[in-house]
Amino acid sequence: AQKVTQAQTEISVVEKEDVTLDCVYETRDTTYYLFWYKQPPSGELVFLIRRNSFDEQNEISGRYSWNFQKSTSSFNFTITASQVVDSAVYFCALTSLSSSNTGKLIFGQGTTLQVKP
Amino acid sequence: DTGVSQDPRHKITKRGQNVTFRCDPISEHNRLYWYRQTLGQGPEFLTYFQNEAQLEKSRLLSDRFSAERPKGSFSTLEIQRTEQGDSAMYLCASSRRGGNEQFFGPGTRLTVL
């Protein structure tokens with residue numbers, strides 16, 4: 001069975017602090033994709049990043065960076081110099097492309113990030 | 001691209017009534033997904049369409065739920081004889097291929113009184 005665990009339910013930081021959101025996943029498939037989505041108070045899920053299981057290169061995009069480690073089944077997300085607008089619920093998600101899988105996303109329970117001014 | 005749209009955005013109904021939601025995916029996306037999200041939880045998969053074919057249904061989708069995607073364009077999700085436990089946000093998403101990012105609509109928030 002596939003599973004995504006986001007152990008941090010809520011994180012509160014002060015603006016300009018760095019913050020890391022943890023994600024641990026379980027899958028038996030060798031080909032899979034990992035995602036991070038942001039859900040601001042308006043409610044619409046916004047795609048942030050996709051990573052495939054063969055690409056362990058870490059990525060930086062502006063203030064965002066992602067650390068993918070297959071050895072520990074983790075796909076962590078760091079926001080550098082956080083801003084109030086980063087306040088949202090962040091979801092990690094997993095999908096695989098085995099013959100029985102249709103690309104549906106398995107989501108973690110989400111981490112609520114509050115950035116205080 | 002115009003994004004994924006959903007209608008209505010909010011629906012309040014009485015227990016036992018039927019409700020229908022509509023999703024319009026991004027036009028060139030042949031894959032369409034429905035998810036349900038309850039308060040404090042991540043979205044949970046309900047059903048998947050590739051073009052007009054419904055290829056997977058979650059066990060969460062009881063026989064009171066039915067979904068269609070006629071002609072592989074928009075999709076509808078109907079809930080018959082609604083129950084209070086059906087109160088949730090119903091999300092629609094579309095993508096080009098499996099493994100690609102899914103783009104989500106704004107959701108339909110259902111409240112069953």
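Scope of the values below: all heavy atoms of this structure, side chains included, with no hydrogens, waters or symmetry mates. In the text below, chain A, chain B and the rest are named by the order of the sequence lines, each starting its count at 1.
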Chain A contacts, top residue of B:G105, B:S58, B:G40 (heavy-atom pairs, under 4.5 Å): B:G105

Which atoms of A:Q39 approach chain B - backbone, side chain, both or neither, heavy atom under 4.5 Å: side chain

Which atom of B:C23 lies closest to which atom of B:V4, heavy atoms considered: SG-CG1, 3.8 Å

Shortest non-hydrogen separation from B:T76 to B:W34 and the atoms involved: C-CZ2, 4.2 Å

Structural part of A:Y37 lying under 4.5 Å from a heavy atom of chain B: side chain

Those residues of residues 43-53 of chain B, ordered by number, that approach chain A below 4.5 Å (heavy atom to heavy atom): B:P43, B:F45, B:Y48

B:R64 bridged to B:D86 by N-O distance under 4.0 Å: yes

Sequence-distant partners of B:Y90, ring pair (Phe, Tyr, Trp, His ring centres under 6.0 Å), two or more places apart: B:F21

Salt bridge flag under 4.0 Å for residues A:K104 and B:E56: yes

Distance-only donor-acceptor check, side chains B:Q17 and B:T82, under 3.5 Å: no

Cluster overlap B:M89 with A:L45, hydrophobic side-chain contacts below 4.5 Å: yes

